[in-house]
2 protein chains.
Amino acid sequence: MSEGNYHHGDLKNALIQVGVEILAEEGLGRLSLRKVAKQAGVSHAAPYSHFKDKQALIAAISTESFKELHIQIETVFLDYKENPKDLLVETSWAYLQFALTKPDQFKLMFSSVLEKEKKYPDFVEISHLNFQQLLIVVEICQDAKILKSGQASLTAVSLWSAVHGLAMLVLEGQISSVVLEEHGLKEIFLHSLNQIALVELK
Amino acid sequence: MSEGNYHHGDLKNALIQVGVEILAEEGLGRLSLRKVAKQAGVSHAAPYSHFKDKQALIAAISTESFKELHIQIETVFLDYKENPKDLLVETSWAYLQFALTKPDQFKLMFSSVLEKEKKYPDFVEISHLNFQQLLIVVEICQDAKILKSGQASLTAVSLWSAVHGLAMLVLEGQISSVVLEEHGLKEIFLHSLNQIALVELK
DNA sequence: ACCTGAACACCGTTCAAGT
DNA sequence: ACCTGAACACCGTTCAAGT
């Protein structure tokens, strides 16, 4: 048998993986270092051989989640890059779907768990990559007259804010249930994009 | 002397107030029931006479914070209601300023601390009031041709998402520092509003 | 009705000790 | 280098007991 593939250098990644599982099964509020350790089959102090503290593990889980998000959006990007209208809708929708499908991973990613002082280079790198991806989408849409021309970085932030804000508000149950039930999420989402876009998206 | 004004029925509000102070001074991560109790001068179990559990206290602090936000925006609303262009900019800006001035209160308000099942009627009421306020702003702006006409509730959600998302991303340090330093927050904010508005806002 | 103090199960972190 | 077990300070929650 080849189980027990921890304990030879892979415990670090195993802990990250277990963390993701706990987020999916029990939620952000129930993620503890000790539980991660137990679920990975090691003592509660073992994670300290691989992570400086709980923050560092959370940064690693967050980084892993940003990579998943990036891959998901990249797939959509490749499918639609010849069609700017669909590209804008589908990549944004993929972001929203990630948030709704993996709510606690998504919350963790944006849960101010990373204190500014400390640096997590992997995290910074993947964040940068995600923003570059968004910039490219914006530039394609500007060229195709789907979005107003101008500073792409500013429009990228606006677009990100709009989609991210909607994801957060939905996740937190803040959207009035009468609005949500009357129109449905997809219509609300498209309405947001259509506030920004120069042509009718659907 | 008239200190010690707790212990005659006001402990409940004292606990909420202490909670707000801890958020300002130490942050969301350091808010504990036991610390609130100690800082209010009572035993660690005393809060349970007024709140079912930690969640209930957090719901109360959150409700209190939403009231503060509402008052702040209402003040701006009254100042600018004759001028739709400024009204949209200034009420949205007030929301963003609240988030930046009281970051940990703001995070708490949107920290998925409230589980759907449980009901906190005060919380639901103030949430509803805030959304109504936003709806009125949107309707005024639609009448003045500042915003596209159509379902006000949909546009309200779009606007809220845009401003809320920007606030969150800034608070979490997710906005690329080169973009933030090059343009400044106000320009980024105005760019977001101008993506949505029918006329140039400044 | 409101509050206290002890108790319990859980948590993050440190550290000496083992391999 | 990597992991364990004991230890410490902290946490949320419950409960019998006090006023």
Side-chain angles (χ1 to χ4, degrees), chain A residues 3-23 25-62 104 107-108 111-115 117-118 120, chain B residues 3-23 25-62 104 107-108 111-115 117-118 120:
Chain A
E3 80 271 31
N5 49 348
Y6 309 165
H7 312 299
H8 19 62
D10 208 23
L11 178 57
K12 182 168 182 173
N13 285 307
L15 292 168
I16 295 172
Q17 202 45 52
V18 168
V20 169
E21 285 163 21
I22 291 175
L23 285 176
E25 287 159 16
E26 307 192 49
L28 183 51
R30 299 186 125 83
L31 178 71
S32 74
L33 250 190
R34 289 176 98 110
K35 189 181 282 177
V36 170
K38 176 181 264 186
Q39 213 139 311
V42 292
S43 80
H44 61 260
Y48 287 91
S49 297
H50 300 277
F51 298 101
K52 184 186 165 293
D53 51 21
K54 191 187 181 187
Q55 276 246 350
L57 173 60
I58 286 181
I61 296 173
S62 195
D104 287 83
K107 286 176 195 167
L108 182 78
S111 268
S112 68
V113 208
L114 63 168
E115 320 227 314
E117 317 93 63
K118 314 190 187 180
Y120 299 101
Chain B
E3 81 272 34
N5 50 346
Y6 309 164
H7 312 298
H8 19 63
D10 208 24
L11 178 57
K12 181 167 182 173
N13 284 306
L15 292 169
I16 294 172
Q17 202 46 52
V18 168
V20 170
E21 285 162 21
I22 291 175
L23 285 175
E25 287 159 15
E26 307 191 49
L28 183 51
R30 300 186 124 83
L31 179 72
S32 75
L33 249 190
R34 290 177 98 110
K35 188 182 282 178
V36 170
K38 176 181 264 187
Q39 212 138 311
V42 293
S43 80
H44 62 260
Y48 287 90
S49 295
H50 302 276
F51 299 100
K52 185 185 164 292
D53 51 21
K54 191 187 181 187
Q55 276 245 350
L57 172 60
I58 286 181
I61 297 173
S62 194
D104 287 82
K107 285 176 196 167
L108 182 79
S111 267
S112 68
V113 207
L114 62 167
E115 319 226 316
E117 316 94 65
K118 313 191 187 178
Y120 298 102

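So that the names make sense, note that chain A is the first sequence line, chain B the second, and so on, each numbered from 1. From a predicted model like this one, the values you see are computed outputs, not experimental measurements.
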Think B:S49 has a side-chain N or O under 4.0 angstrom from the OP1 or OP2 of C:dC2?
no
Partner set under side-chain hydrogen bond (donor to acceptor under 3.5 Å, both in side chains) for B:Q17, not counting sequence neighbours
none
What stem regions, each of at least 3 consecutive Watson-Crick or G-U pairs below 3.5 Å, can be found for DNA chain C?
C:4-8 with D:12-16, C:12-16 with D:4-8
Tell me whether the side-chain N/O atoms of B:H50 come closer than 4.0 Å to OP1 or OP2 in C:dC3.
yes
List for me each residue that meets side chain to side chain contact (heavy atoms under 4.5 Å, CB included) alongside B:A56, sequence neighbours excluded, and say none if there are none.
B:F51, B:K52, B:D53, B:Y120
Rounded interatomic separation in angstrom, taking NZ from A:K38 and C1' from D:dT4
15 Å
My understanding is that only residues two or more places apart in sequence, or in another chain, count here; which of them pass side chain to side chain contact (heavy atoms under 4.5 Å, CB included) with B:S49?
none
Starting at CD of A:E26 and ending at P of C:dC10, how long is that distance when rounded to a whole Å?
12 Å
Write down the protein N/O and nucleotide N/O pairs, taken from nucleotides 12-19 of chain D, whose separation is under 3.5 Å; answer none if there are no such pairs.
residue, atom, partner, partner atom, Å
D:dG12, OP1, B:L33, N, 2.9
D:dG12, OP1, B:K54, NZ, 3.2
D:dG12, OP2, B:L33, N, 3.1
D:dG12, OP2, B:R34, N, 3.0
D:dG12, N7, B:R34, NH1, 2.7
D:dG12, O6, B:R34, NH1, 2.7
D:dT13, OP2, B:Y48, OH, 3.0
D:dT13, OP2, B:K54, N, 2.9
D:dT13, O5', B:Y48, OH, 3.2
D:dT13, O4, B:R34, NH1, 3.4

Nearest heavy-atom contact between A:L23 and A:L28 is CD2-CA, 3.7 Å
Which residue, A:V36, A:L31, A:N13, forms the side chain to side chain contact (heavy atoms under 4.5 Å, CB included) with A:V18?
A:V36
Across all chains, not counting sequence neighbours, the side chain to side chain contact (heavy atoms under 4.5 Å, CB included) partners of A:H50 are A:L11, A:K12
Shortest non-hydrogen contact from A:K35 toward A:R30:
NZ-O, 3.2 Å
Which atom of B:I16 lies closest to which atom of B:A60, heavy atoms considered
CD1-CB, 3.7 Å
